Amino acid sequence: MSPPSRLVVGISGASGSVLGIRLLTALRRIGVESHLVVSRSAEVTLAHETDLKVAELRAMADVSYAAADIGAAIASGSFRCMGMIVAPCSVRTMSEIATGVTSTLLTRAADVTLKERRPLVLMVRETPLHLGHLRTMTQLAEMGAVIAPPVPAFYAKPRSIDDLVDHAVGRALDLFGLDAGIVRRWGEQTEVLET
Ligand SMILES: Cc1cc2nc3c(=O)[nH]c(=O)nc-3n(C[C@H](O)[C@H](O)[C@H](O)COP(=O)(O)O)c2cc1C
């Protein structure tokens with residue numbers, strides 16, 4: 001039983017809400033249904049970092065849920081999907097997922113993704129990292145999550161912040177076998193698509 005072409009997207013309150021924005025754009029372009037949950041803190045970072053209103057961000061997804069709506073479809077393992085990406089993922093959200101003590105729909109959906117053995121990709125953004133952060137990441141990796149911090153790939157010769165963001169988002173989508181044409185791949189001469 002192959003899952004429907006849909007992905008759960010979590011946007012938490014780490015710096016880099018643009019990662020979630022570009023992810024939603026990429027999913028729309030390749031026809032993957034996006035199911036979005038935005039944390040309360042992400043609404044704050046969105047306002048600090050972009051000109052986008054929360055309603056405009058939500059409108060970029062096929063389905064958008066309130067973070068408090070723990071009865072939403074994505075809170076159940078019976079909701080079929082390819083998995084989940086949290087972009088960006090804050091230390092707080094990462095830590096909640098690691099403990100299983102989930103207080104919002106975002107972390108509940110991530111917990112469900114793990115229990116159903118579906119891919120969970122966490123684009124954790126914090127630096128520097130203390131030992132507790134690193135231990136939490138190890139714990140999550142042992143539980144099956146993929147820790148995918150949005151670190152720049154300079155070999156791709158980025159010319160803009162968008163290039164950096166697209167590469168990070170594209171590499172996260174690679175983990176689901178999805179290609180939105182936004183990764184400048186080593187050893188390939190392909191032109192990346194304009195968004
Ligand atoms: C402008 C701004 C930038 C932030 N950047 C980060 C960050 O990069 N990483 C992080 O873990 N937390 C960051 N925080 C703090 C988180 O928003 C905060 O820990 C919050 O409680 C996270 O909640 P959430 O995980 O439910 O979204 C930032 C906060 C603000 C206002």
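Every number for a ligand or one of its atoms is a count from 1 in the order of the listing. These numbers were taken from a predicted model, which means no experiment stands behind them.
Counting only heavy atoms of the protein, atom 26 (O) of ligand 1 lies nearest to R92 NE, 3.3 Å. Among all protein heavy atoms, the one lying closest to atom 20 (C) of ligand 1 is S41 OG, 3.3 Å. What sits closest to atom 30 (C) of ligand 1 on the protein, heavy atoms only, is T45 CG2, 3.6 Å. The single protein non-hydrogen atom nearest to atom 10 (C) of ligand 1 is E126 OE2, 3.4 Å, given as residue, atom name and distance.
No more than 12 heavy-atom neighbours from other residues, nucleotides or ligands sit within 6.0 angstrom of CZ on R171.
For the residue pair S5 and E33, no side-chain donor N or O sits within less than 3.5 Å of a side-chain acceptor on the partner. No hydrogens or angles considered: nothing links the side chains of S39 and S41 as a donor-acceptor pair under 3.5 Å. In this model, no donor atom of one side chain and acceptor atom of the other lie less than 3.5 Å apart for E96 and T102. A donor-acceptor pair shorter than 3.5 Å can be found between the side chains of R58 and S64. Remark: the S90 side chain and the E126 side chain contain no N/O donor-acceptor pair separated by less than 3.5 Å.
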Stepwise ring-ring contact (aromatic ring centres under 6.0 Å, His included) test for Y155 and H167: CA-CA 11 Å; Y155 63 80; H167 192 92; 5.7 Å; yes
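Checking only distances, R125 does come within under 3.5 Å of ligand 1, N or O to N or O. Considering backbone and side-chain atoms alike, H48 places every N or O at 3.5 Å or more from each N or O of ligand 1. Geometrically, ligand 1 and T93 share a nitrogen or oxygen pair separated by less than 3.5 Å. For ligand 1, one of its N or O atoms has an N or O atom of S15 under 3.5 Å away.
One option in G16, S90, G13 has a heavy atom closer to atom 14 (N) of ligand 1 than any other, and that option is G13.
Under 4.0 Å from ligand 1, heavy atoms of V91 appear from its side chain as well as its backbone. With a 4.0 Å cut-off on non-hydrogen atoms, S39 touches ligand 1 through its side chain and not its backbone.
Cluster membership for F176 and I74, using ILVMFWY side-chain heavy atoms within less than 4.5 angstrom, is not shared.
Not a single protein heavy atom sits closer than 4.0 Å to atom 18 (C) of ligand 1.
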